[in-house]
Amino acid sequence: MKRLTDILEQRISKAIGTVTGQDCPALVKVSADAKFGDYQANGVMAAAKKAKTNPRQLAEQIVAALDVSDICQPPEIAGPGFINLRLKEQFLANRLLEMNTDKQRLGIEKKQNPKTVVVDYSGPNIAKQMHVGHLRSTIIGDCIARLYEFEGHTVIRQNHIGDWGLQFGMLIAYIEFRSKLALEGKVVGVIPNSLSDSEEFYIEAKKLFDTDENFQERSREATLGLHSGDKTWLGRWELLVAHSKKHYQEIYKELNVTLTDKDVCGESFYADKLAEVVETLKQNNLAVESDDAMCVFPEGFQNKDGNPLPFIIQKTDGAFLYATTDLAALRFRIQELKADKVIYVTDARQAQHFQMLFAVVNMAGWTNDAIELMHVTFGTMLGEDNKPFKTRTGGTVKLKDLLEEAVQRATAVVEEKNPDLSAKQKTEIAKAVGIGAVKYADYSNNRNSDYIFSFDKMLAMEGNTAPYMQYAYARIKSIERKAAGKDVDVENELANIKTLTFTDDAEKDLAKMLIRYDQAIDAAASECRPNFLTGYLYDLAQSFSRFYNACPVLKADNADQRRLRLLLCELTARTIQHGMSELLGINVVEQM
RNA sequence: GCGCCCGUAGCUCAAUUGGAUAGAGCGUCGGUCUACGGAACCGAAGGUUAGGGGUUCGAAUCCCUUCGGGCGCGCCA
């Protein structure tokens with residue numbers, strides 16, 4: 001099923017071309033106001049300007065050259081030269097019937113020319129618990145990956161974990177140090193058995209590092225040993241990695257995030273490629289020594305003093321930096337993974353770093369115009385005091401704690417609203433609602449802005465929240481259950497519908513919303529903006545509520561009317577289910 | 001100092017990227033139910049889109065400028 005906006009765009013653009021002889025886009029959008037119809041073409045004014053003619057007259061000529069009679073009623077011209085379009089009921093009905101035949105994709109086609117898209121997101125550090133600072137990248141990135149995948153692209157997820165460098169040298173040196181203490185009977189436990197052990201060890205190690213020169217020295221040796229592949233050091237390090245992976249896979253599972261172990265490709269993976277990256281850049285005369293460090297100077301970047309800003313790829317002491325790793329990673333993604341598009345999902349503070357990274361990769365000739373490099377930024381998560389989100393005592397909020405609290409709060413709400421459900425159901429619902437609320441709140445905000453984290457707001461049943469969406473879904477499922485109780489076989493009734501007749505405006509309004517789902521997905525994917533999708537789903541749910549209020553389904557006037565209404569219910573449920581569950585990774589529930 | 005992001009209703013946020021009279025939710029006020037889950041629906045009030053200038057048929061959106069906020073800017077990631 002081809003996207004309606006694309007069909008209209010194509011036909012009207014063609015008509016503009018026929019009339020003016022110029023190539024001007026029709027700019028078809030959903031109408032701003034229902035009184036202007038369902039869709040509008042905004043491109044005539046610009047075309048008229050280009051052709052140096054009167055826009056209203058041009059609009060008339062275009063309409064005369066246009067045939068959309070299979071879709072719309074005769075187009076109207078309004079204002080300075082808008083072309084307004086009203087869908088025919090028959091067209092609307094046909095679209096619904098087509099959607100009905102495709103349970104998986106609601107009739108939405110895959111992209112004609114799929115690309116290989118690398119999405120880099122989440123990227124936690126090992127040996128530390130995930131905290132709120134990882135939340136936005138993890139879930140926004142996951143939505144982007146799901147969107148592209150649904151559109152038919154080949155998506156390669158990359159979890160670029162922080163698992164290399166001095167801090168881990170320090171930690172494995174501490175494991176060694178601790179084993180000596182253990183021999184003297186001063187501590188119990190030599191190796192960290194869990195991630196929380198690792199975290200404690202990390203704190204202890206840092207203390208020691210800051211106060212003990214010998215330990216500092218040993219940490220450097222450990223780092224070196226690790227980097228040169230020494231088995232003893234490597235073994236200790238692998239232990240840390242294993243605990244960490246287990247931890248964040250648990251979090252991903254809880255969050256319903258699609259990252260798996262095979263997507264992990266962190267700093268350590270690129271460690272042996274860094275020297276070669278630097279060497280290549282040196283040979284190309286792109287990397288030069290400056291203040292004893294190896295730097296590349298991409299054009300257009302300045303430091304505080306107005307001097308060229310370096311992209312430092314090797315420190316004075318010879319060590320490599322994250323810039324070096326990022327270069328190696330990006331080259332790998334382009335050359336080995338064959339990426340057509342690389343999307344980085346990190347916070348906005350790194351914008352300049354990525355601009356420079358892309359510039360350097362371009363200088364090196366590792367990329368070309370056909371490859372799209374994209375930094376998807378997002379703002380900071382703030383507490384209700386408008387300051388960066390912290391615990392009451394000012395500490396970092398652990399993701400695990402945050403999610404637990406969300407589920408706990410949701411449990412209380414379920415308990416209050418629907419105490420008669422089974423314990424098992426309540427648990428399932430609380431999880432879907434609690435975790436869903438956290439994710440949905442993030443998705444529904446424009447990712448560029450900072451956003452204020454509030455359990456009360458995200459768990460509210462009103463407004464654009466996960467619970468509202470889940471409620472809309474549950475109500476539809478409730479109707480279908482009731483139908484079964486009245487000997488109405490919904491599946492059978494919807495299986496062989498040939499014609500549909502609308503008898504109420506609320507039906508038509510809902511139908512028009514339903515057929516716009518493909519466009520919402522496209523907008524969300526192309527801009528990497530999940531809030532376009534949540535915005536659509538919310539509009540849909542509201543539209544359904546209006547319909548629900550106005551149009552009895554099971555007590556409809558006649559069989560035809562009931563069939564149409566059942567179909568609208570079912571398609572709405574499927575769309576909500578698909579959008580929430582498949583694209584946002586938020587579960588819906590039959591009852592709540 | 002330079003650069004990036006931001007400033008929209010009392011509050012929290014949208015606005016399909018330059019389109020028609022800037023929309024939601026919360027809060028406030030007023031309505032709707034013996035239909036299917038009231039966790040709902042309808043309506044009202046609330047705006048000089050921070051201020052000013054410009055571009056054009058048309059600006060919250062683009063350009064300039066002032067003010068206010070956040071974040072970057074040489075060996076952390």
Side-chain angles (χ1 to χ4, degrees), chain A residues 5 27 29-33 35-36 40 42-43 45-46 48-49 55 78-82 84 123 125 162 165-167 267 290-295 300-307 309-317 319 321-323 325-326 346-353 355 377 379-380 382 413 417-418 444-446 448-452 454 456-457 460-465 467-468 470-472 474-483 486 516 519-520 522-524 526-527 529 531-532 534-536 538-539 542 545-546 548-556 565 569 591-592:
Chain A
T5 41
L27 301 177
K29 318 268 179 195
V30 172
S31 290
D33 192 318
K35 77 177 177 209
F36 299 129
Q40 60 183 61
N42 298 333
M45 282 83 81
K49 192 173 185 182
F82 295 103
N84 290 334
N125 287 328
L166 178 64
Q167 50 182 335
E267 290 169 352
S290 167
D291 291 349
D292 295 326
M294 200 49 71
C295 307
F301 297 91
Q302 288 185 352
N303 68 10
K304 286 177 206 173
D305 309 317
N307 297 320
L309 185 66
F311 193 64
I312 303 176
I313 58 175
Q314 190 171 21
K315 299 201 289 185
T316 308
D317 65 4
L321 304 91
Y322 76 120
T325 309
D326 278 348
T346 73
D347 70 282
R349 286 177 304 199
Q350 296 186 51
Q352 186 173 262
H353 167 73
Q355 278 172 22
T377 62
T380 313
L382 304 175
V413 178
K417 299 282 184 190
N418 223 335
S444 59
N445 273 288
N446 182 330
N448 281 322
S449 23
D450 294 347
Y451 95 95
I452 296 175
S454 161
D456 290 335
K457 290 225 167 73
M461 305 300 160
E462 309 87 14
N464 190 5
T465 63
Y468 178 90
Q470 288 162 326
Y471 174 65
R475 274 204 304 193
I476 299 173
K477 289 294 145 183
S478 176
I479 292 175
E480 294 181 351
R481 278 195 302 277
K482 283 255 161 54
K486 294 187 177 193
R516 279 170 44 191
Q519 196 210 345
D522 188 60
S526 62
E527 304 293 327
R529 296 266 298 261
N531 70 312
F532 288 167
T534 57
Y536 166 80
Y538 182 57
D539 286 344
Q542 280 190 314
S545 281
R546 271 175 225 122
Y548 178 88
N549 247 315
C551 304
V553 178
L554 299 177
K555 292 190 180 175
R565 290 178 180 181
C569 285
Q591 290 180 67
M592 62 187 285

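Letters A, B, ... are given to chains in the order of the sequence lines, protein chains preceding strands, and every chain is numbered from 1.
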Not counting sequence neighbours, which residues clear salt bridge (Lys or Arg N to Asp or Glu O under 4.0 Å) with A/Lys457? List them please. none
Can you figure out which of B/C13, B/C41, B/A20 approaches the side chain of A/Ser545 most closely? B/C41
Of all residues at least two apart in sequence or in a different chain, which pass the salt bridge (Lys or Arg N to Asp or Glu O under 4.0 Å) check with A/Arg349? A/Asp347
Under 3.5 Å between N/O atoms: give me all the protein pairs with nucleotides 68-76 of chain B, atom names plus distance.
{"residue": "B/G74", "atom": "N7", "partner": "A/Asn303", "partner atom": "ND2", "Å": "3.2"}
{"residue": "B/G74", "atom": "N1", "partner": "A/Ser290", "partner atom": "OG", "Å": "3.0"}
{"residue": "B/G74", "atom": "N2", "partner": "A/Ser290", "partner atom": "O", "Å": "2.8"}
{"residue": "B/G74", "atom": "N2", "partner": "A/Ser290", "partner atom": "OG", "Å": "2.8"}
{"residue": "B/C75", "atom": "O2", "partner": "A/Thr316", "partner atom": "N", "Å": "3.0"}
{"residue": "B/C75", "atom": "O2", "partner": "A/Thr316", "partner atom": "OG1", "Å": "3.3"}
{"residue": "B/C75", "atom": "N3", "partner": "A/Thr316", "partner atom": "OG1", "Å": "2.8"}
{"residue": "B/C75", "atom": "N4", "partner": "A/Asp291", "partner atom": "O", "Å": "2.6"}
{"residue": "B/C76", "atom": "OP2", "partner": "A/Lys315", "partner atom": "NZ", "Å": "2.5"}

Sorted by chain and number, sequence neighbours left out, salt bridge (Lys or Arg N to Asp or Glu O under 4.0 Å) with A/Asp456 holds for A/Arg409
With sequence neighbours left out, what residues match A/Tyr451 under ring pair (Phe, Tyr, Trp, His ring centres under 6.0 Å)? none
Determine whether any donor atom in the side chain of A/Asn84 lies under 3.5 Å from an acceptor atom in the base of B/A20, or the reverse, and answer yes or no. yes
Would you say A/Asn446 places a side-chain N or O within less than 4.0 Å of OP1 or OP2 belonging to B/A15? yes
Collect all protein-nucleotide pairs involving nucleotides 55-57 of chain B in which both atoms are nitrogen or oxygen and the distance is under 3.5 Å.
{"residue": "B/U56", "atom": "O3'", "partner": "A/Lys49", "partner atom": "NZ", "Å": "3.2"}

Go through the structure and list residues passing salt bridge (Lys or Arg N to Asp or Glu O under 4.0 Å) with A/Asp522, not counting sequence neighbours. A/Arg3, A/Lys111
With A/Phe301, which residues qualify under ring pair (Phe, Tyr, Trp, His ring centres under 6.0 Å), at least two apart? none
Nearest whole Å is fine: how far is B/A14 C1' from A/Arg529 CZ? 10 Å
Results of ring pair (Phe, Tyr, Trp, His ring centres under 6.0 Å) for A/Tyr548 - residues two or more places apart only: A/Phe544
Going by ring pair (Phe, Tyr, Trp, His ring centres under 6.0 Å), name the residues that satisfy it together with A/Phe82, two or more places apart in sequence or in a different chain. none
Per-nucleotide protein contact string for nucleotides 21-28 of chain B (B base, S sugar-phosphate only, - none; heavy atom under 4.0 Å): B--SSS--
Restricting to side chain to side chain donor-acceptor pair (under 3.5 Å), what partner residues turn up for A/Gln519, sequence neighbours left out? none
Nucleotide nearest A/Gln519 when distance is taken to its side chain, options B/U16, B/C36, B/A14: B/U16
Can you see if the side chain of A/Arg546 gets near the phosphate of B/A40 - specifically, an N or O under 4.0 Å from OP1 or OP2? no
The side chain of A/Asn549 is closest to which nucleotide in this list: B/G19, B/C41, B/C36? B/C41
